[in-house]
Amino acid sequence: MPELPEVQTVVDQLDERLTGRRIALGGAFLWHGTAGYPEADALIARVAGRQVAGVRRRAKYILVDLGDDLLLVIHLRMTGNLHFAAPEDPAHPYLRVRLPLDNGQELRFADMRKFGRFYAGVPNELDTVIPLARLGPEPLDEGFTPVVLGERLAGKRGPIKSALLDQAVLAGLGNIYVDEALFRAGINPLRPAGSLAAVELDQLHAGIGAALREALANRGTSFRDYLSVSGETGDNEPNLQVFRRHGQSCVRCGQPLARIVVGGRGTHYCPNCQR
DNA sequence: CGGACAACCTGGTTGC
DNA sequence: TGCAACCAGGTTGTCC
């Protein structure tokens, strides 16, 4: 489900409602596969009794700071959803994890497709399990410039679409916002990643920033499954200009938008505006 | 190293 | 209507 704007929306709400809370005893994985590392019981034991010092985001990972360098890391993957509930509230049909809190509420994780994962450990330990240390730059950080973008793409022969989806190249983009950024930049998704001229890097950098900032302002895009912690959909769908709009008219030139497959992913673009 | 592709899961949509 | 095939916002592992 979620890309940078959706994960950031979740993180903001979690930070507000979880920071300062202590994780109580009695947590449980209802689907053990959701425990990525360590295994379910050990993970519960590690986080039980810890107080949340803050919640932040890196790429599409949610980092829950539990003090003493211990992190609870959550990745929502396609259909993961975090929400708060009272213990007696009926369980969501795809409830996978329950973490009771010291205020009588519990943090719940529901995930239809079971792709979402929890990890707990100190940073060095987590690096052996998830590629936190190998993630590319954050596209909304001040240090991310068109020059940096060019450095990340240099020498890459594969399509720009695939390169932008690679979290080691640039962190946080997914299928929606890559398509939207390329459209805003007027760049064909099949262009070899390392072949962009300086002007195109400027346009792509601007397109990425515009697509992400607009989505953030609208708390993300909800196509089917995505809901924030407060259970609300994002309002960004009307702002999408190409994603899943194949067959409709391009907002810029009026020609029909197309859908192709690039790197195994559905890709939406305007053949006229993105040559 | 890059690229193609299967795998992990379940449910919704599409097409015959 | 019925059912099979295909599709899905993500990531990882394997094979060439």
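The structure displayed is predicted, hence computed values, not measured ones. Residue numbers start from 1 in every chain, and the chains themselves are labelled A, B, ... in the order their sequence lines are given, proteins ahead of strands. All values below were derived from every heavy atom in this structure, side-chain atoms included, with hydrogens, water molecules and symmetry-related copies excluded.
Proximity of A:Leu66 to A:Ile23: side-chain heavy atoms (C-beta onward) are separated by under 4.5 Å at one or more points. Between A:Phe84 and A:Val229 there is a side-chain heavy-atom pair separated by less than 4.5 Å. The shortest distance between side-chain heavy atoms of A:Cys270 and A:Cys253 falls below 4.5 Å.
For A:Gln167 and A:Tyr61, the side-chain atoms include no donor-acceptor pair closer than 3.5 Å. In this structure, a donor-acceptor pair under 3.5 Å is absent between the side chains of A:Thr79 and A:Asp225. Judged by distance alone, the side chains of A:Tyr37 and A:Thr128 never bring a donor and an acceptor atom under 3.5 Å apart.
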Pairs under 3.5 angstrom, nitrogen or oxygen only, protein versus nucleotides 3-5 of chain B, please.
residue, atom, partner, partner atom, Å
B:dG3, OP1, A:Gly158, N, 2.6

Return the polar atom pairs (N/O with N/O) between nucleotides 11-16 of chain C and the protein under 3.5 Å, or none.
residue, atom, partner, partner atom, Å
C:dT11, OP1, A:His75, NE2, 2.7
C:dT11, OP2, A:Lys60, NZ, 2.8

Pairwise N/O distances under 3.5 Å, protein to nucleotides 9-13 of chain B:
residue, atom, partner, partner atom, Å
B:dC9, O2, A:Arg113, NE, 2.8
B:dC9, N3, A:Arg113, NH2, 3.3
B:dT10, OP1, A:Lys114, NZ, 2.9
B:dG11, OP1, A:Tyr94, OH, 2.5

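Nucleotides B:dA6 and C:dC7 are separated by 12 Å at their P atoms, to the nearest Å. Nucleotides B:dG11 and C:dT11 place their P atoms 22 Å apart, quoted to the nearest Å. Nucleotides C:dA5 and B:dA7 are separated by 16 Å at their P atoms, to the nearest Å. Remark: the separation of the P atoms in B:dC5 and C:dC6 is 14 Å, to the nearest Å.
Proximity of a side-chain donor or acceptor of A:Ser228 to a complementary backbone N or O of A:Val10 within less than 3.5 Å is not detected. Judged by distance alone, the side chain of A:Arg58 and the main-chain N or O of A:Lys60 form no donor-acceptor pair under 3.5 Å. Under the 3.5 Å distance criterion, the side-chain polar atoms of A:Asp89 are matched with a main-chain donor or acceptor of A:Ala86.
Between A:Arg134 atom CZ and B:dC1 atom C1' the separation is 14 Å, expressed in whole Å. Going from atom CG of A:Asp225 over to atom P of C:dA8 covers 14 Å, rounded to whole Å. Between A:Leu132 atom CG and C:dG10 atom C1' there is a gap of 15 Å when expressed in whole angstrom units. Atom CZ of A:Arg259 and atom P of C:dC6 are 13 Å apart (whole Å). Rounded to a whole Å, the CZ atom of A:Arg244 is 13 Å from the C1' atom of C:dC6. Atom CG in A:Asp166 sits about 13 Å away from atom P in C:dG10, given to the nearest Å.
In DNA chain C, runs of at least 3 consecutive Watson-Crick or G-U pairs, each pair with both distances below 3.5 Å, span B:2-8 with C:10-16, B:10-16 with C:2-8.
For an aromatic pair to be called close, the ring centres must be under 6.0 Å apart, and A:Phe243 with A:Phe223 satisfies this.
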Given A:Asp179 and A:Lys161, is the salt bridge (Lys or Arg N to Asp or Glu O under 4.0 Å) satisfied, shown in steps? CA-CA 8 Å; A:Asp179 284 2; A:Lys161 159 93 182 196; 2.7 Å; yes

Determine whether A:Phe118 and A:Phe29 satisfy the following criterion, ring pair (Phe, Tyr, Trp, His ring centres under 6.0 Å), listing intermediate values before the conclusion. CA-CA 10 Å; A:Phe118 280 44; A:Phe29 282 84; 5.7 Å; yes

Sequence neighbours excluded and cut-off under 3.5 Å, please list the side-chain donor-acceptor pairs for residues 182-207 of chain A, or say none.
residue, atom, partner, partner atom, Å
A:Arg184, NH1, A:Glu180, O, 3.3
A:Arg184, NH1, A:Glu180, OE1, 2.7
A:Arg184, NH2, A:Glu214, OE1, 2.9
A:Arg184, NH2, A:Asn239, O, 3.4
A:Asn188, OD1, A:Leu190, N, 2.8
A:Asn188, ND2, A:Gln274, O, 2.9
A:Arg191, NE, A:Ser195, OG, 3.3
A:Arg191, NH1, A:Glu200, OE2, 2.8
A:Arg191, NH2, A:Ser195, O, 3.1
A:Arg191, NH2, A:Ser195, OG, 3.3
A:Arg191, NH2, A:Glu200, OE1, 3.0
A:Ser195, OG, A:Pro192, O, 2.7
A:Glu200, OE1, A:Ala197, N, 2.8
A:His205, NE2, A:Phe144, O, 2.8

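Residue A:Tyr94 shares its hydrophobic cluster (ILVMFWY side chains chained together at separations under 4.5 Å) with A:Met112.
At a threshold of 4.0 angstrom between heavy atoms, the contacts of A:Tyr177 with the nucleic acid are absent.
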